[in-house]
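Chain letters run A, B, ... following the sequence lines, proteins first, then strands; residues in each count from 1. Computation of the quantities below employed the complete heavy-atom set of this structure, encompassing side-chain atoms and omitting hydrogens, waters and symmetry-equivalent molecules. Predicted, not measured: the structure shown is a model, and the values here were computed from it.
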2 protein chains.
Amino acid sequence: MRNTGYTIRSMAERCGMTTHTLRYYERVGLIQPVGRARNGHRRYSEADEAWLHFLHCMRATNLPIRDLQRYASLRELGEATSLDRRKILEDHQAVIASQIHELEKAHALLTHKISNYRKIEERLGLAGAAEPAEQMEEQPAVAVSA
Amino acid sequence: MRNTGYTIRSMAERCGMTTHTLRYYERVGLIQPVGRARNGHRRYSEADEAWLHFLHCMRATNLPIRDLQRYASLRELGEATSLDRRKILEDHQAVIASQIHELEKAHALLTHKISNYRKIEERLGLAGAAEPAEQMEEQPAVAVSA
DNA sequence: CTACTCCTTAAAGCGCGCTCCAAGTCAAGA
DNA sequence: TCTTGACTTGGAGCGCGCTTTAAGGAGTAG
């Protein structure tokens, strides 16, 4: 029965989620039951906000809800679960590192393919081919294979 | 009616996909109808393999199948579609760049939280807290907040 | 009192990208 | 001849993470 705190709508805006998602997260145990105003409406605390931002960050990097559920339940058990919680974070950090690697490979591949398309367009005389090059007096003879 | 080329199974292994996925991609038009042996079995060419590797790379970086379908159909129309295809790749490259940014932020956050857990474990005298430190004679007084 | 807005709930629905199933064909080997 | 195994097809099923729906309550303005 708390009358201070954020409404579900304002918390949703603050965290970049929808109100639906906030209720959903509560339902599946990602956040503990939120305090309520006298009329039954949810009132989110600052602590809720910090936790929600963390959830948002983890979800944005593809940590499954299953894992977050486990992490959340360990968190509720207190500091004795530190090792287990750290393991979850370390595992996810490793996954993130390899995702970054994959993305960087793809980024490089795209750079290569995009430059090929530019060359094709130049050859065909299509508009837009030289878009990023302001002056075209001399080409530095870029060597790109395949 | 070709008798050379990779079987669906060996192509699946080469591309890190399942045979199910290869048939699915063909079904939804991500790859054009594959050549067949006399018995009706698929036979994949080197060109198929290159294209499949590209698809794999794009899917691994979350480019939706919808976008790949569009890209694939443009590709079948020839070089005149260069501009449109380049646009798709450039858009995806921008998405990748921002994904990398998100992942790096999360990685940093995790580094921070993991170090906090180590400190908790040290204080509680839990095993594994100093795992990455081979010798613990003197601590360099690490300053980490929150 | 009415209308409106904001919230509540349980439950159903959905889009994506596979993934699996059932039934059948074909070819090689014991 | 029978079995085994790799393939074929169309279609159904599934896990994830929301997202929407339906029905209703509480508070405020006119």
Side-chain angles (χ1 to χ4, degrees), chain A residues 1-45 48 52 54-72 92 95 99 102, chain B residues 1-45 48 52 54-72 92 95 99 102:
Chain A
M1 300 4 178
R2 162 167 32 146
N3 281 312
T4 64
Y6 302 109
T7 64
I8 192 168
R9 178 176 279 257
S10 70
M11 185 51 86
E13 277 161 14
R14 283 176 160 261
C15 297
M17 307 178 184
T18 68
T19 58
H20 302 292
T21 302
L22 287 180
R23 290 193 204 96
Y24 169 71
Y25 280 5
E26 188 174 343
R27 187 148 50 89
V28 301
L30 285 193
I31 67 183
Q32 285 186 287
V34 174
R36 301 289 178 132
R38 250 181 262 129
N39 60 4
H41 292 191
R42 287 173 180 79
R43 288 294 179 268
Y44 290 84
S45 68
D48 291 329
L52 284 167
F54 173 70
L55 290 181
H56 184 67
C57 182
M58 293 301 100
R59 287 295 306 125
T61 57
N62 307 307
L63 183 60
I65 279 182
R66 229 176 259 288
D67 295 11
L68 283 170
Q69 284 170 326
R70 172 156 168 68
Y71 185 87
H92 184 47
V95 170
Q99 282 179 352
E102 280 296 298
Chain B
M1 295 20 175
R2 156 164 44 142
N3 280 310
T4 64
Y6 302 109
T7 64
I8 192 169
R9 179 175 278 257
S10 69
M11 185 52 84
E13 278 161 13
R14 282 175 161 261
C15 297
M17 308 176 181
T18 68
T19 58
H20 300 293
T21 302
L22 287 181
R23 288 193 204 96
Y24 169 71
Y25 281 5
E26 189 173 341
R27 189 148 48 91
V28 300
L30 285 194
I31 65 182
Q32 285 185 288
V34 173
R36 302 290 176 130
R38 247 179 264 129
N39 60 7
H41 292 193
R42 287 174 180 79
R43 290 292 180 269
Y44 291 84
S45 68
D48 291 329
L52 284 167
F54 173 69
L55 290 180
H56 184 67
C57 183
M58 293 302 99
R59 286 295 308 126
T61 56
N62 307 307
L63 184 61
I65 279 182
R66 230 176 259 287
D67 294 11
L68 284 169
Q69 284 170 326
R70 171 155 168 69
Y71 185 87
H92 184 47
V95 170
Q99 282 180 353
E102 280 296 298

List in chain and number order the residues that pass side chain to side chain donor-acceptor pair (under 3.5 Å) with A/T18, two or more places apart in sequence or in another chain; answer none if no residue qualifies.
A/T21
Taking CE from A/M17 and C1' from D/dC18, how many angstroms apart are they, rounded to a whole number?
12 Å
I'd like to compare against my own output: the B/S/- annotation of nucleotides 12-26 of chain C with a strict under-4.0 Å heavy-atom distance to protein.
----SBBBB-----S
Nearest-Å distance, CD1 (A/I8) to C1' (D/dG25)?
16 Å
At their closest point, which heavy atom of A/E102 faces which heavy atom of B/A60, and how far apart are they?
OE1-CB, 3.9 Å
note: B/E26, atom CD; D/dC7, atom C1'; distance rounded to Å ~ 13 Å
In whole angstrom, what separates B/R38's CZ from D/dC7's P?
18 Å
Would you check if there is a donor-acceptor pair between the side chains of B/T7 and B/H41 at a distance under 3.5 Å?
no
Side-chain donor or acceptor of A/E26 paired with backbone N/O of A/V34 under 3.5 Å
yes
Between A/T7 and C/dC6, is there a side-chain N or O to OP1/OP2 distance below 4.0 Å?
no
Rounding to an integer number of Å, can you tell me how far A/L30 CG sits from D/dC18 C1'?
12 Å
Rounded to whole angstrom units, what separation is found between the CZ atom of A/R23 and the P atom of C/dA10?
12 Å
Any A/T19 side-chain N or O less than 4.0 Å from OP1/OP2 of C/dC7:
no
Check the pair A/R43, A/R36 against side chain to side chain contact (heavy atoms under 4.5 Å, CB included), reporting the backbone distance first and the verdict last.
CA-CA 5 Å; A/R43 288 294 179 268; A/R36 301 289 178 132; over 6 Å; no
Distance-only check: which donor-acceptor pairs under 3.5 Å involve side-chain atoms of residues 62-71 of chain A, not counting sequence neighbours?
unit_1 : atom_1 : unit_2 : atom_2 : d
A/Q69  : NE2    : A/V28  : O      : 3.0
A/Y71  : OH     : B/Y117 : OH     : 2.4

